[in-house]
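Report on the following structure.
Proteins come first, then strands; the chains are lettered A, B, ... in the order of their sequence lines, and each starts at number 1. Quick caveat, the model's predicted, so the values are computed rather than measured.
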Amino acid sequence: MNRQVIEPGRDVLNLPVESLELKLGPSHPATHGTVRILLSLDGERIRRAEVEVGFLHRGFEKECESGLYYQAFPYTDRLNYVSPMINNVGYALACEKLFAVEVPDRCKYLRVIASEASRIADHLTCLGACALELGAFTAFLYAVEARESAWDILDEMCGARVTTNYVRIGGLAQDAGPEFPQLVRAKLADVARLLKDFDDLLLGNPIFRERMEGTGALPAAELIGLGVTGPLLRAAGVPYDIRRVQPYLVYDRLDFDVPVGTVGDNMDRFLVREEEMRQSARMIGQCLEQMSVGPVDIDDPRIRLPGKGKVFQRMEELIAQFKVVTEGPRAPVGEVYQAVEGGNGEVGFYLVSDGTGKPWKCRARSPSFSNTQAMSRMVEGALLADVIPTFDMVNMIGGECDR
Amino acid sequence: MAARVVTVDRKAVEQLTGVLGIPATLRGLRVTSTHFFRNLWGWIVGRPQVRTVMVPEEHDPKPAAFRGMPVLVAMDNGKERCVACGLCEWACPVDCIHIVPAETDDEVERYPLVFDIDMGRCMYCGLCEEACPEEAIVMSAKVEISAFSRAGLLWHKDQLLTPVKTLERRLEHIRNDYGRR
């Protein structure tokens with residue numbers, strides 16, 4: 001036995017101590033997604049935190065490169081599976097930049113509606129899960145019920161809530177029906193009502209505030225250095241929102257606020273996300289007003305499938321149908337990068353084309369990956385309990401982070 | 001029309017808490033009890049206010065755009081509409097469709113001798129339906145598949161053939177989009 005003997009008179013408060021190694025995850029309920037956080041603890045205090053990602057790696061980029069351009073859409077749904085429409089739109093915009101085509105106005109408006117409804121669903125999931133993990137189960141249920149309403153909008157548009165596969169190169173899978181605006185307004189009213197209840201139940205709660213206020217803050221300069229984007233960066237006071245700084249689709253025609261925080265702690269991140277949901281609802285309302293009836297697809301049989309009615313009747317369109325499906329649209333040689341504002345930050349797609357129907361290289365810039373790397377800096381020196389709200393606000397989505 | 005930058009109001013949250021958090025607690029109680037009594041009343045009068053659906057006894061109504069598992073359309077004579085052109089096989093990102101074409105002396109001379117869909121791989125994306133030039137493979141409303149082995153998830157032509165009258169809703173939905181270009 002090699003037991004250390006404490007001599008009488010020695011200072012017992014300064015004994016050599018080893019730090020406790022704690023593995024949080026990969027299947028811990030609070031690490032929704034699969035991620036492992038290796039913590040070395042000194043009592044309750046975190047000395048070092050290491051975030052291990054990659055448990056959900058599926059080879060998204062390679063998968064995209066092995067298929068035609070249009071075949072990657074179902075895979076983009078599975079990047080950020082909480083707001084799949086935004087990934088759909090981002091990938092489609094990157095392809096359209098490569099093919100140098102522009103979609104009709106109605107298509108742009110429908111894409112914005114889809115993206116913003118997705119953003120509402122994304123933020124509701126994030127905030128609801130945060131409430132749940134801090135002990136507010138009821139608030140979580142209200143958020144999930146509101147998310148159902150947001151998903152109903154997507155359901156009506158594309159027939160699925162999560163596996164949307166809605167956007168196409170040069171158009172959309174299908175147009176919205178005549179009663180679509182009514183449905184959207186009704187569903188948004190549901191979301192607003194439940195969001196009010198969610199706020200009333202949670203925001204003022206002293207326990208919730210204790211857990212959120214003053215935890216997980218990092219200065220803006222450091223966040224920028226780590227490549228953090230989205231609500232995390234905006235909560236630190238930097239108004240960087242792709243929809244504002246590089247407007248795509250019709251965001252330059254919409255009137256909306258970009259909320260920023262002052263302190264950059266978890267409470268600010270929470271409030272920024274809440275305000276963004278209200279702004280998203282506002283944007284959808286404006287889109288419904290500005291949208292007019294018209295085509296949703298470009299009229300270019302080399303890129304977008306011709307209408308089925310013509311395929312049944314005419315030879316030319318039938319040939320186009322066969323060519324687009326089997327060879328895919330041929331992209332000109334070149335490379336493009338297109339970013340959109342996702343639920344967690346800048347979702348970017350970088351495509352390199354060698355002139356064939358398949359991308360030579362497809363790279364996805366996922367906000368979760370960059371945001372998660374800031375996680376360890378945010379919790380170092382904090383208490384163990386602070387990991388949970390911080391991780392909730394980082395909102396790492398495994399599908400997107402690990403790709 | 002432009003994006004404005006606004007700062008979130010942290011002071012308002014402090015005010016919501018109030019003295020010792022008592023107003024916040026009371027407000028929370030009001031919210032939960034409102035929900036409770038509304039749900040209770042809905043349950044009493046038989047019009048539940050909650051979104052919970054007791055699957056599999058009951059199901060949510062599905063929108064017309066809903067994509068379930070892909071099936072083959074069977075015409076009134078029981079034969080498939082498919083002419084085994086193989087476009088769905090090309091379009092499928094996960095290669096779950098396998099077709100062996102054959103020919104007869106009938107009016108429609110080509111037909112699939114083998115038409116298999118591996119439902120264990122299929123992700124219901126609907127690209128096959130979009131590619132089909134014959135309206136022969138469509139997404140049905142069916143989602144429940146189960147089998148005791150992986151081999152049981154490989155659906156053959158006789159399992160996939162579905163009478164056209166049960167697919168009317170989906171066919172009508174996709175026909176709405178036919179003439180749009």
As an exercise: rank B:G21, B:C132, B:G126, B:A64 by heavy-atom pairs under 4.5 Å with chain A and give me the winner. B:C132

Taking all heavy atoms of B:C125 and all of A:P74, pick out the closest pair and write down the distance. CB-CG, 3.8 Å

So for B:E134, is it side chain, backbone, both, or neither that comes closer than 4.5 Å to the heavy atoms of chain A? backbone

How long is the straight-line distance from CG of A:D155 back to CZ of B:F66, given to the nearest 0.5 Å? 7.5 Å

Output the residues of residues 82-98 of chain B for which the shortest heavy-atom distance to chain A is under 4.5 Å, in residue-number order; output 'none' if no such residue exists. B:C85, B:L87, B:W90, B:A91, B:C92, B:P93, B:V94

Flag the pair A:D77 / B:M123 as yes when at least one side-chain heavy-atom distance between them is below 4.5 Å, and no otherwise. no

Turns out that what part of A:Y142 lies under 4.5 Å from chain B's heavy atoms comes down to side chain

Could you list which of residues 24-34 of chain B have a heavy atom closer than 4.5 Å to any heavy atom of chain A, in residue-number order? B:A24, B:R27, B:G28, B:R30, B:V31, B:T32

Non-hydrogen side-chain atoms of A:L194 and B:H35 separated by less than 4.5 Å: yes

Relative to chain B, which segment of A:L271 carries a heavy atom at a distance below 4.5 Å: side chain, backbone, both, or neither? both

Using a cut-off of under 4.5 Å on heavy-atom pairs, state which of A:D241, A:D197, A:T326 scores highest against chain B. A:T326

Flag the pair A:E275 and B:R10 as a salt bridge only when some basic side-chain nitrogen lies within less than 4.0 angstrom of an acidic carboxylate oxygen. no

For A:F198, which residues count as a ring-ring contact (aromatic ring centres under 6.0 Å, His included) partner, sequence neighbours excluded? none

Do A:D152 and B:R51 pass the side-chain contact (heavy atoms from CB on, under 4.5 Å) test, and can you show the C-alpha distance, the side-chain angles, and the key distance before you say yes or no? CA-CA 12 Å; A:D152 280 344; B:R51 297 275 317 237; 3.1 Å; yes

Side chains of A:T163 and B:R67: closer than 4.5 Å at any heavy-atom pair? yes

Looking only at heavy atoms, which two atoms of A:V325 and B:A131 are closest? And how far apart? CG2-CB, 3.7 Å

Rounded to the nearest 0.5 Å, how far apart are CD of B:Q15 and CG of A:L203? 13.0 Å

One option among A:E156, A:E148, A:E145, A:E274 has the most heavy-atom pairs under 4.5 Å with chain B, and it is A:E148

In short, B:L127 meets A:Q71 closest at the heavy-atom pair CD1-CA, 4.3 Å

Compare all side-chain heavy atoms of A:V258 with those of B:V6 and state whether any distance is below 4.5 angstrom. no

Taking B:D9, B:T7, B:L20 one by one, which has the highest count of heavy-atom pairs under 4.5 Å against chain A? B:T7

If I compare all heavy atoms of B:V8 with all of A:P259, which pair ends up nearest, and what's the gap? CG1-CB, 3.9 Å

Any side chain to side chain donor-acceptor pair (under 3.5 Å) pairs touching residues 312-322 of chain A, not counting sequence neighbours? A:R314-A:E317

Drop me the distance from B:D60's CG to A:R161's CZ, to the nearest 0.5 angstrom. 7.5 Å

CG on B:L16 to CG on A:N205, rounded to 0.5 Å: 11.0 Å

Quick one: of A:N165, A:V260, A:L201, who has the most non-hydrogen atom pairs under 4.5 Å with chain B? A:V260

Assess the residue pair A:Q174 and B:H173 against the criterion (side-chain contact (heavy atoms from CB on, under 4.5 Å)); give the C-alpha distance rounded to whole Å, side-chain angles, the decisive distance to 0.1 Å, and a yes or no. CA-CA 10 Å; A:Q174 60 211 25; B:H173 173 74; 3.5 Å; yes

Which of the residues A:R234, A:E63, A:R209 is involved in the greatest number of heavy-atom pairs with chain B at under 4.5 angstrom? A:R209

Assert top hit (heavy-atom pairs under 4.5 Å, partner chain B, pool A:V144, A:T164, A:L141) equals A:T164

